[in-house]
Amino acid sequence: LVNNADLRLFKRGEDVFRAGDLCDHFYVLRTGTVKLYREIACGKQIIFGFEGPGAMFGETALIGADRRRDNAQIAEDAFICVIERDRFSGYLEQHPDLSGWVTSVIARRKDAIEDRMIALLSKDVRTRLAHALVRLADDCGELDDRGLRIGLRLTQTDLGQLVGST
């Protein structure tokens, strides 16, 4: 399926989708990094996380949602496989074993959101920041001669929004 998808180059800062857009595609990140977030009424962002190569996102398109509630923006230049919902549905009919995979992806995302909510309610900012850095290292880290490097260009505001301290 991914081999037959449309492969697009997105540049840093470019939106993949915005809240309110139609849910007619989902995405598989081949290279680069994407930031997933929601804007709240006061203009702040709540960052759900950063996804690295191999990650699937925009999965609400697969479960029948009409419009996006969240945003996806490129944090580091990325090649992304863009897959139409109808195309995936047809592929799923031919390969029903994939429905378990889709369910597990959605369940992992739900679990991560629940874990983050519990951390926001029960841990101090320093601990939340430490956990966020570990997640970023797991999702986006690269080994080099000096150790594990998180190659994202993040501001203090980004980190604050990621851990709920702004």
Side-chain angles (χ1 to χ4, degrees), residues 10-83 85 101-144 146-166:
F10 289 83
K11 293 293 194 178
R12 186 175 196 273
E14 187 176 351
D15 293 321
V16 179
F17 58 78
R18 304 246 339 127
D21 287 353
L22 287 175
C23 285
D24 51 1
H25 295 86
F26 84 102
Y27 308 88
V28 178
L29 192 59
R30 296 293 293 264
T31 64
T33 309
V34 66
K35 173 174 74 170
L36 304 173
Y37 68 97
R38 184 173 295 174
E39 291 178 349
I40 56 176
C42 61
K44 291 183 181 180
Q45 293 180 359
I46 297 177
I47 298 175
F48 298 125
F50 292 86
E51 298 289 342
M56 181 183 92
F57 63 99
E59 66 275 1
T60 54
L62 304 179
I63 57 174
D66 272 343
R67 300 268 174 193
R68 303 269 180 208
R69 296 179 61 201
D70 304 321
N71 305 281
Q73 184 180 68
I74 300 303
E76 298 294 332
D77 291 358
F79 277 104
I80 298 177
C81 296
V82 180
I83 303 167
R85 179 197 332 218
W101 173 75
V102 171
T103 302
S104 70
V105 167
I106 293 169
R108 279 195 307 273
R109 180 98 59 210
K110 177 188 133 325
D111 289 348
I113 290 169
E114 287 175 354
D115 290 347
R116 185 161 182 250
M117 184 180 67
I118 289 168
L120 285 170
L121 296 171
S122 64
K123 302 202 181 319
D124 62 31
V125 173
R126 179 178 284 179
T127 303
R128 293 195 314 259
L129 179 59
H131 285 276
L133 291 172
V134 168
R135 274 194 325 270
L136 286 170
D138 287 344
D139 294 342
C140 306
E142 298 174 4
L143 284 174
D144 65 18
R146 295 187 309 184
L148 186 62
R149 182 177 170 273
I150 301 171
L152 293 173
R153 293 179 279 174
L154 299 175
T155 66
Q156 287 182 335
T157 301
D158 290 334
L159 290 171
Q161 292 169 338
L162 185 61
V163 301
S165 70
T166 60

Between [X] (side chain) and [Y] (backbone), is there a donor-acceptor pair under 3.5 Å?
X: E76; Y: T31; value: no
X: R128; Y: R116; value: no
X: D70; Y: R38; value: no
X: D158; Y: T155; value: yes

Which heavy atom of [X] sits nearest to which heavy atom of [Y], and what is that distance?
X: A132; Y: V163; answer: CB-CG1, 3.6 Å
X: L148; Y: A137; answer: CD2-CB, 3.4 Å
X: T33; Y: L29; answer: CA-CD2, 4.0 Å

>> Considering only residues two or more places apart or on different chains, which pairs with a residue in residues 49-69 satisfy side-chain hydrogen bond (donor to acceptor under 3.5 Å, both in side chains)?
In response: E51-R109, E59-R109, T60-R68

A side-chain contact here means heavy atoms from C-beta on lying under 4.5 Å apart; do [X] and [Y] qualify?
X: L136; Y: L154; result: yes
X: H131; Y: D115; result: no
X: D21; Y: D15; result: no

>> As a quick check of understanding, evaluate side-chain contact (heavy atoms from CB on, under 4.5 Å) for R135 and L162, giving each step before the final call.
In response: CA-CA 11 Å; R135 274 194 325 270; L162 185 61; 4.3 Å; yes

How far does [atom1] of [X] sit from [atom2] of [Y], to the nearest 0.5 angstrom?
X: R149; Y: L143; atom1: CZ; atom2: CG; result: 12.0 Å
X: E14; Y: I80; atom1: CD; atom2: CD1; result: 8.5 Å
X: D138; Y: I150; atom1: CG; atom2: CD1; result: 9.0 Å
X: E39; Y: I46; atom1: CD; atom2: CD1; result: 10.5 Å
X: Q73; Y: Y37; atom1: CD; atom2: OH; result: 4.5 Å

>> Taking ring pair (Phe, Tyr, Trp, His ring centres under 6.0 Å) as the cut-off, I'd like each qualifying pair that reaches into residues 44-81, sequence neighbours left out, listed once.
In response: Y27-F57

> Does a side-chain N-to-carboxylate-O contact under 4.0 Å join R12 and D77?
Replying inline: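 A salt bridge is absent here (no side-chain N lies under 4.0 Å from a carboxylate O).
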
